[in-house]
Structure formats: C-alpha cells, structure tokens
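Beneath this line is the structure, given in structure tokens, with notes to follow.
Throughout, residue positions are numbered sequentially from 1 according to the sequence presented. The analysis underlying the following values was restricted to heavy atoms, covering all of them including side chains, and did not include hydrogens, waters or symmetry mates.
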Amino acid sequence: MLENEAYLSKTTHLPRKRFFRARAHSNPLSDSHFPVPISPSHVDYSVHYPQLCLSSDSINSKKVEFADIGCGFGGLLISLATLFPETLMIGMELRDKVTEYVKERIVALRKANPGRYQNVSVVRTNSMKYIPNYFQKGQLSKMFFLFPDPHFKEKNHRRRVISPHLLDEYAYALRVGGIIYTITDVEELGEWMNSCLDGHPMFEALTQEELDADPVVNLLSSATEEGQKVSRNGGQTFQAIYRRITPLS
C-alpha cells in the first residue's frame with residue numbers, strides 16, 4: 001500500500017489513519033483466523049526485525065523485551081523505539097486494519113530514518129490467548145496495557161485483558177523485576193485493574209519515588225491517540241503500575 005502515494009501524508013510521508021479505520025474494539029473471545037506460532041522458538045524474527053537478521057549473532061543474542069498489548073495505532077511503540085533504541089519491542093493487536101497501519105507506519109519511519117526504528121514491530125494476534133506462544137518464561141521486562149476495552153457489563157468482565165487468571169500468564173512472561181503498566185480513563189476499570197494486580201502474589205506496586213523516576217510513565221498518557229484525546233477533553237486517567245516479584249513462600 002505504501003507504493004500508492006494517496007495513502008501517505010504529504011507532510012509526514014506516513015500512512016494516513018483514515019484509510020485504516022476499524023471498530024474501536026474486537027471481541028477477544030471470538031475465533032480469528034491468523035497464523036500462530038507453535039512456541040516462542042517458532043516466531044520468525046526475520047519478518048519483524050530484518051535489519052538484525054543481517055547479523056546472525058545479533059538476532060540470536062537479542063530477544064523481544066517490551067510487549068504493548070492492544071497497541072492500537074502504535075503511538076507508544078514509536079516513542080519507546082527511540083527512547084530505548086537497543087531494546088526489541090513488539091505491539092500485539094487484534095484488529096487487522098489497525099495492525100496493517102502500524103506495519104506501514106514502521107516501514108515508512110525506517111525508510112525516512114535510516115538505521116532507526118529497526119527495533120520495533122507489530123503482530124496481529126489475540127494476546128489473551130497466545131502470550132505463551134510468543135514469549136518464553138521471564139523473557140519480557142515491560143508489558144503495557146493502555147486504555148483497554150472496559151467491557152462495562154458484568155457478564156463481559158471475563159473479556160477484560162487484566163484479570164486474575166490472565167495475570168498468571170503475564171507473570172510467566174515477565175522476568176522478576178519486570179514492570180506491568182496499565183492506564184485507563186474509566187475509573188471503575190482503573191479500580192478493577194489495580195485490585196487484580198494488588199491481589200496477585202507475584203506483583204507489587206511501584207512506589208511514588210519509582211514512578212517519578214521512570215521516563216516511561218509520562219508516555220502512558222501522552223504517546224497514544226486515546227491518551228491525547230483524554231487530555232484534550234480535560235479527562236482524568238487512572239494508572240496501575242506494578243513490578244513482577246518472587247512470591248514469599
């Protein structure tokens with residue numbers, strides 16, 4: 001699609017979102033048809049980080065460390081790519097058109113900035129089902145859940161991306177000391193995510209001093225389309241940021 005200049009902004013030369021609009025949310029419990037790796041060792045990193053594949057040592061020694069779950073249009077990923085240029089990161093998005101936009105956005109940024117944005121990629125998948133298919137035990141150092149679908153009805157709470165049983169899988173993928181970041185503009189959902197994390201034996205809340213020193217925290221509300229919209233409307237956000245720990249025996 002990048003070959004068709006109609007899809008590119010004349011000022012930024014990036015793909016324009018209006019050609020990739022999709023429903024705001026998808027049902028994570030429905031069956032989707034896309035390839036899923038049998039195990040983390042079957043993930044084809046040459047597709048995601050082609051520049052690294054020029055050196056077999058680089059691709060064999062580096063693994064994805066950041067995962068943006070439900071990455072949307074990729075605003076956080078793009079900001080993180082320059083903040084942590086030596087860290088591999090991936091966005092996981094269920095909506096096909098949105099995933100395609102992020103792919104083309106990354107391609108355009110790589111073309112416009114030689115040598116940069118080689119550490120970021122995106123995959124269309126259902127993270128609520130397939131986290132263990134992509135990440136080994138203790139592989140990740142950061143996981144992000146920004147403005148997830150609140151699923152307001154009580155009968156749909158099982159669709160929420162933060163839940164006690166899903167936190168078991170996230171704890172498996174996160175290394176000890178790894179951080180899980182969540183933010184929402186829905187107070188009830190914020191309380192839910194905080195309660196789930198607070199009640200899980202493998203997570204503890206960061207102190208205010210740690211939050212103030214973390215450069216990623218400010219990006220949670222400023223780097224994404226949803227966060228910018230909340231800011232423009234003078235809305236309030238609710239964060240729950242926790243560290244993966246070893247539970248006391």
Side-chain angles (χ1 to χ4, degrees), residues 1-4 7-8 13-17 19-20 22 26 28 31-146 169-170 172-175 223-224:
M1 192 176 288
L2 279 175
E3 288 76 10
N4 188 337
Y7 291 94
L8 300 178
H13 302 291
L14 297 177
R16 293 187 286 184
K17 292 176 184 174
F19 291 103
F20 298 86
S26 296
D31 291 326
S32 298
H33 301 287
F34 43 73
V36 177
I38 300 173
S39 71
S41 63
H42 288 83
V43 178
D44 185 359
Y45 285 109
S46 67
V47 174
H48 296 287
Y49 313 103
Q51 191 68 30
L52 292 180
C53 292
L54 297 177
S55 169
S56 58
D57 291 338
S58 295
I59 198 65
N60 289 332
S61 63
K62 296 175 79 74
K63 294 181 179 178
V64 170
E65 292 191 38
F66 295 179
D68 186 3
I69 310 301
C71 67
F73 289 99
L76 177 68
L77 284 171
I78 299 307
S79 296
L80 291 173
T82 54
L83 188 61
F84 298 92
E86 301 301 318
T87 302
L88 296 188
M89 55 193 73
I90 197 164
M92 310 183 85
E93 175 60 52
L94 184 56
R95 295 167 293 173
D96 56 348
K97 288 185 179 180
V98 178
T99 305
E100 189 62 27
Y101 170 83
V102 180
K103 286 181 180 178
E104 298 205 10
R105 182 179 185 181
I106 292 170
V107 169
L109 285 168
R110 288 175 176 175
K111 183 177 180 180
N113 303 272
R116 300 178 66 189
Y117 301 101
Q118 301 295 331
N119 60 325
V120 61
S121 188
V122 66
V123 62
R124 184 186 179 213
T125 193
N126 187 336
S127 58
M128 291 177 63
K129 293 183 178 181
Y130 302 121
I131 284 288
N133 297 72
Y134 283 91
F135 307 118
Q136 299 173 348
K137 182 178 181 180
Q139 177 176 334
L140 299 176
S141 61
K142 296 184 187 295
M143 295 185 77
F144 301 90
F145 301 83
L146 276 54
E169 292 197 3
Y170 305 152
Y172 173 86
L174 273 171
R175 67 189 61 163
T224 67

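- Rounding to the nearest 0.5 angstrom, the gap separating the CD atom in Glu169 from the CE atom in Met143 is 9.0 Å.
- At distances below 3.5 Å, at least one donor-acceptor pair connects side-chain atoms of Asn133 with backbone N or O atoms of Pro37.
- The aromatic rings of Phe34 and Tyr130 sit perpendicular to each other, their planes meeting at more than 60°, with 30° as the lower class boundary.
- To the nearest 0.5 angstrom, Ile78 atom CD1 is 13.0 Å from Thr224 atom OG1.
- Side-chain contact between Val123 and Ile90 is present, with heavy atoms from C-beta onward closer than 4.5 Å.
- Met89 is not listed as a side-chain neighbour of Asp68, based on a closest heavy-atom distance of 4.5 Å or more.
- Taking each heavy atom of Val64 and Tyr45 in turn, the nearest pair found is CG2-CE2, 3.5 Å.
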Check your understanding: Are Glu100 and Arg124 close enough, and set up right, to give a salt bridge (charged side-chain N to carboxylate O under 4.0 Å, His left out), and what steps lead you there?
Key -> CA-CA 8 Å; Glu100 189 62 27; Arg124 184 186 179 213; over 6 Å; no
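- With values rounded to the nearest 0.5 angstrom, Ile69 atom CD1 is found 12.0 Å from Leu94 atom CG.
- Closest approach of Val47 and Pro50 over heavy atoms only: O-CD, 4.0 Å.
- In terms of heavy atoms, Tyr134 sits closest to Thr125 at CE1-OG1, 3.6 Å.
- Rounded to the nearest 0.5 Å, atoms CZ (Arg110) and CD (Gln118) are 4.5 Å apart.
- Side-chain atoms of Lys63 do not come within 3.5 Å of backbone N or O of Leu140 as any donor-acceptor pair.
- Heavy atoms only, all atoms of each residue included: Met92 and Phe135 are closest at SD-CE1, 3.7 Å.
- Between Tyr170 and Ile131 there is a side-chain heavy-atom pair separated by less than 4.5 Å.
- Between atom CG of residue Leu76 and atom SG of residue Cys71 there is a gap of 9.0 Å, rounded to the nearest 0.5 Å.
- Contact record, Gly75 with Arg105: N-NH1, 3.6 Å, taken as the closest heavy-atom pair.
- In plain terms, the two heavy atoms of Gly72 and Glu93 that are nearest each other are N-OE1, 2.9 Å.
- Within the 4.5 Å cutoff, the side chain of Arg116 has no heavy atoms near those of the Pro85 side chain.
- Here Asn119 contributes atom CG and Glu86 contributes atom CD; the two are 8.0 Å apart, rounded to the nearest 0.5 Å.
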